[in-house]
Structure formats: structure tokens, C-alpha cells
Amino acid sequence: GDADQATAAVEAAEPLCGGEWRAAWENQRAAVLWLTGRHADALAAWQAMGDHPVAAFNTGMALLFLGRAAEAVPALKLAVDGLAAGSGWSHLANLLLLA
């Protein structure tokens, strides 16, 4: 719940998060933006991650929360295609596509 501490932690971790960890860092940075009320910036950050399934899931969720359900569908479908079929995130994305 401490936005300043979360922002500082994400910023401090950036130099450590290259290579295979970069997408995880980008996702966490976007999540902090979202949690601090910078919804448009968070959505743009997730969208900038391209076809990464976690980013697609979060893009879809953000669009749903922003009242843009029709725009969320392609992102959620991309998430379903990229996430492990047995994962809870995949199940949730599939459930949201039914709504």
C-alpha cells in the first residue's frame, strides 16, 4: 500500500533486470503505475510490451476496468494463447472472454 516505496523498489531493481527478467520488470513498473492512479500510463506500458502474454492479460484487465470491454477481447485472447493452459491466469482470461 506504500506507493512511494513500491516506486522506489521498482526503480532500484531496474539495473538488475535485463535479459529474461526485463519483461517481469516492465510488468511490475506498469503495475505500480496502475496502483498509483496513472492508469493511462500503465496501459501504455503494458501495450508497449507487445505480445508478451502477461502484458496482454494486464492490458485486457486494464481495458476492462477502464470500461473498454470490446478493446479488451483481443488482448485477453492473446493472453489465453500465450499462458499455460492450466494456469489460473489463463482460466481467468477465458472466463472474462465469456462475459
Which pairs of donor and acceptor atoms, one on a side chain in residues 68-75, lie under 3.5 Å apart (sequence neighbours left out)?
unit_1	atom_1	unit_2	atom_2	d
Arg68	NE	Glu71	OE1	3.4
Arg68	NE	Glu71	OE2	3.0
Arg68	NH2	Glu71	OE1	2.8

Requested in this report: Please check if Trp34 and Val10 belong to a single hydrophobic cluster, counting links between Ile, Leu, Val, Met, Phe, Trp and Tyr side chain heavy atoms closer than 4.5 Å.
Outcome: no
dist Leu35:CG -> Asp2:CG (nearest 0.5 Å) comes out at 12.0 Å
Rounded to the nearest 0.5 Å, the CH2 atom of Trp46 sits from the CD atom of Glu26 at a distance of 12.0 Å
Between Ser90 and Ala85, the two heavy atoms sitting closest are OG-O, 3.9 Å
Which atom pairs, one a donor and one an acceptor, fall under 3.5 Å between side chains of residues 49-63 and the rest of the protein, sequence neighbours left out?
unit_1	atom_1	unit_2	atom_2	d
His52	ND1	Val54	N	3.2
Asn58	ND2	Asn27	OD1	2.7
Asn58	ND2	Val54	O	3.4
Thr59	OG1	Ala55	O	2.8

Margin query: Taking Val32's backbone N and O only, do any of them form a donor-acceptor pair with Thr36's side chain (distance below 3.5 Å, no angle check)?
Written below: yes
Heavy-atom nearest pair, Ala45 first then Arg29, reads CB-NH2, 3.7 Å
**Asked** In terms of hydrophobic clusters joined by side-chain contacts under 4.5 Å, are Trp25 and Trp21 together?
**Response** no
The reported gap from CG in Asp41 to CG in Leu33 (rounded to nearest 0.5 angstrom) is 6.0 Å
